[in-house]
*Asks:* 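Mind looking over this structure? Questions follow.
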Amino acid sequence: MRLSRSLIPTLKETPAEAQIASHRLMLRAGMIRQMASGIYAWLPTGYKVLSKIAQIVREEQDAIGAQEVLMPTIQSADLWRESGRYDAYGKEMLRITDRHDRELLYGPTNEEMITAIVRDNIKSYRDLPQMPYHIQWKFRDEVRPRFGVLRGREFLMKDGYSFDLNYEGAVHTYRTIMLAYMRTFQRIGVTAIPMRADTGQIGGDLSHEFHILAPTGESGVFYDAAFEAGDALGVTDVNAFYEQVTTIYAATDEKHDTAVWDGIPTERRREGRGIEVGQIFYFGTKYSEAMNFAVTGPDGQKFYPEMGSYGIGVSRLVGAIIEARHDEAGIIWPDAIAPFKAAILNLRQGDAGTDALCEKLYAALGADALYDDREERAGQKFAEADLMGHPWQMIVGPRGAAAGIVELKRRATGERFELPVEEALAKVRG
RNA sequence: CGGAGCGUAGCGCAGCCUGGUAGCGCAUCAGUCUGGGGGACUGGGGGUCGUGGGUUCGAAUCCCGCCGCUCCGACCA
């Protein structure tokens with residue numbers, strides 16, 4: 001992308017409504033624009049990040065055998081009457097009436113819908129287990145949206161659901177998905193810690209929340225430093241992994257157990273703040289019973305499948321990652337989800353040698369590069385590149401161009417390297 | 001849902017109290033100089049002052065309604 005032809009409206013000043021770093025930086029870096037309270041349009045760079053996160057989530061779901069589907073945003077009220085949640089859900093649910101006075105709603109989640117779909121199409125125990133998921137926009141009419149995409153009303157979520165033959169199968173699925181989540185967050189490039197959680201209105205008795213550590217998080221968290229090492233991810237056996245992860249201490253302030261805490265060596269105790277970016281639930285037959293989803297077992301008898309649901313807040317992750325990774329100058333993207341791997345900064349637009357070298361770099365990197373080819377001064381280009389947070393800056397001025405040298409700056413560390421063109425490209429490509 | 005505010009140019013704001021030709025900085029456009037951390041100078045463009053009504057010779061300014069947005073609290077992926 002050439003910056004001169006892009007829709008990346010950066011701001012020098014911060015819009016008044018943005019209170020926290022991620023909201024401020026997303027607006028200033030031109031990633032999003034607010035369209036209504038808690039509702040945002042995603043501009044090119046914001047949408048690139050959102051898509052890259054979604055893609056990693058998708059790949060890790062597919063890797064454990066989950067199947068991607070796409071359910072609609074609009075649902076029928078009747079579906080929710082079956083589970084009894086139409087009345088229970090309250091004002092957070094956006095209710096809509098169509099031209100025939102039929103009652104509809106903009107889905108805040110999809111347990112009912114997926115249960116109906118599987119119920120209507122799966123009749124035999126032989127077709128279990130099932131693990132469908134989708135990545136779709138949700139709407140929850142929050143009383144007070146705030147913090148930009150961290151607490152919007154409309155948000156993009158990966159929600160997955162599982163249907164198993166029995167409790168043992170359901171627990172295995174639960175653990176499998178927990179491991180997939182840990183791998184997902186690790187690939188994205190953030191530390192997310194699973195913590196025992198309440199099940200809230202979804203119901204059930206086994207649940208974990210995943211928190212990204214960030215000073216501005218809404219929850220206080222206490223955890224064992226062992227999580228920082230990511231040791232458990234090396235474990236490939238699901239049950240061994242689960243055993244290891246759940247025996248390391250981690251709790252939000254709501255569930256903090258000071259007795260256990262005191263038993264952890266002082267040097268391993270970590271206290272901080274966390275942003276919830278995912279939650280997983282096992283809830284048994286709550287929905288399969290309520291919605292009369294029974295399949296025929298090997299003995300010819302009907303039984304209700306054991307269910308669970310699993311969510312990752314994809315749009316929230318964008319904000320949460322920025323909360324965890326930024327400095328005074330701007331965003332510091334992890335390589336895996338950066339909108340561009342590198343910015344090419346042409347410090348002397350119009351200088352033949354400089355232009356030629358920049359074009360060469362741009363041709364080599366293609367869509368992975370944002371080429372700042374504007375008639376702007378060096379200072380502004382540096383400032384905006386730092387703001388947008390590209391992992392690498394490829395700095396090209398007349399002196400370097402004449403010598404065939406590219407100056408590389410690593411955003412995260414501030415390290416600088418002066419390298420010949422091919423070596424610089426190799427480093428950026430990783 | 002309780003409490004408190006704010007809507008004036010793309011963004012940040014002043015003007016309102018005490019009614020009288022709508023301003024400043026940044027951004028933007030043209031040009032000149034400049035050229036390694038949001039540079040300087042000259043000139044230009046851009047506004048139904050959220051919206052509807054009322055008071056008045058005259059309303060951004062005073063009064064009433066409505067809409068939108070934000071902050072604190074309770075709630076929450």
Side-chain angles (χ1 to χ4, degrees), chain A residues 7 9-20 23-24 27-30 33-39 89-93 107-111 135-160 181 192 197-202 207-212 218-219 252 254 274-281 309-320 328-330 345-351 354 372 374-388 393 395-401 407 409 414 416 418:
Chain A
L7 179 59
T10 57
L11 300 173
K12 199 165 163 184
E13 291 173 283
T14 304
E17 74 272 13
Q19 299 296 307
I20 62 168
H23 191 192
R24 212 158 51 225
L27 289 168
R28 286 194 53 214
R33 285 296 182 265
Q34 182 168 326
M35 295 293 106
S37 178
I39 299 177
Y89 215 93
K91 298 185 104 170
E92 232 179 52
M93 183 151 72
T109 179
N110 286 65
E111 278 84 7
I135 299 173
Q136 177 63 293
W137 293 93
K138 304 287 185 294
F139 195 93
R140 294 183 192 174
D141 198 1
E142 297 279 344
V143 261
R144 182 146 113 80
R146 65 186 118 170
F147 306 145
V149 301
L150 289 179
R151 183 158 300 288
R153 291 193 293 171
E154 187 183 52
F155 56 97
L156 187 64
M157 179 176 172
K158 187 286 300 186
D159 44 321
Y181 273 30
D198 287 321
T199 51
Q201 60 179 305
I202 293 203
S207 179
H208 285 85
E209 289 175 355
F210 293 79
H211 286 260
I212 283 185
E218 292 187 79
S219 320
T252 61
E254 290 167 357
I275 300 171
E276 188 189 340
V277 292
Q279 187 164 13
I280 55 181
F281 302 89
S309 77
Y310 316 90
I312 291 180
V314 177
S315 50
R316 173 180 281 188
L317 259 171
V318 179
E328 299 71 27
L345 306 187
N346 185 331
L347 299 194
R348 191 71 58 83
Q349 197 71 30
D351 175 82
T354 310
D372 192 342
R374 299 170 304 168
E375 282 284 355
E376 296 292 349
R377 296 174 60 92
Q380 182 168 349
K381 295 191 177 190
F382 289 133
E384 291 190 10
D386 286 346
L387 172 63
M388 287 189 262
Q393 293 172 19
I395 300 162
V396 181
R399 287 192 299 277
E407 180 182 338
K409 178 187 163 188
R416 289 171 189 271
E418 298 208 346

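Proteins get letters first, then strands, A, B, ... in listed order; numbering begins at 1 in each.
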*Asks:* Write down the distance separating the P atoms in C72(B) and G10(B), rounded off to the nearest Å.
*Replies:* 27 Å
*Asks:* Any idea which of A77(B), G39(B), C71(B) is nearest the Arg377(A) side chain?
*Replies:* G39(B)
*Asks:* Report each atom pair, protein N/O against N/O of nucleotides 40-43 of chain B, whose distance is under 3.5 angstrom.
*Replies:*
none

*Asks:* Would you indicate whether Arg33(A), at its atom CZ, is surrounded by more than 12 heavy atoms from other residues, nucleotides or ligands within a distance under 6.0 Å?
*Replies:* yes
*Asks:* Reckon Ala383(A) touches a base, only the sugar-phosphate, or nothing at all at heavy-atom distances under 4.0 Å?
*Replies:* base
*Asks:* With both distances under 3.5 angstrom, what nucleotide forms a Watson-Crick or G-U wobble pair with C75(B)?
*Replies:* none
*Asks:* Sticking with atom C1', work out how far C17(B) lies from C29(B), rounded to a whole angstrom.
*Replies:* 38 Å
*Asks:* Report yes if the ring of Phe155(A) lies under 5.5 Å from the six-membered base ring of A77(B) with planes under 30°, and no otherwise.
*Replies:* yes
*Asks:* Not counting sequence neighbours, which residues clear side chain to side chain donor-acceptor pair (under 3.5 Å) with Asp351(A)? List them please.
*Replies:* Thr354(A)
*Asks:* Minimum heavy-atom separation for Gly319(A) and Leu150(A), please, with both atom names.
*Replies:* C-CD2, 3.7 Å
*Asks:* Searching all strands shown, indicate the nucleotide that pairs with G23(B) (Watson-Crick or G-U wobble; both distances under 3.5 Å).
*Replies:* C13(B)
*Asks:* Using a 4.0 Å heavy-atom cut-off, does Leu27(A) contact any base of the nucleic acid, only the sugar-phosphate backbone, or nothing at all?
*Replies:* nothing
*Asks:* Using the P atom in both, what is the distance from G20(B) to G37(B), to the nearest Å?
*Replies:* 47 Å
*Asks:* What is the nucleic acid contact for Gln34(A), judged by heavy atoms within less than 4.0 Å: base, sugar-phosphate only, or nothing?
*Replies:* sugar-phosphate
*Asks:* If you check the Arg144(A) side chain, which of A77(B), C72(B), C69(B) turns out closest?
*Replies:* C72(B)
*Asks:* Hey, does Leu345(A) reach any base, or is it just sugar-phosphate, or nothing, if we go heavy atoms under 4.0 Å?
*Replies:* nothing
*Asks:* Taking for each residue the nucleotide of RNA chain B with the nearest heavy atom, is it Arg316(A) or Pro15(A) whose nucleotide lies nearer the 5' end?
*Replies:* Pro15(A)
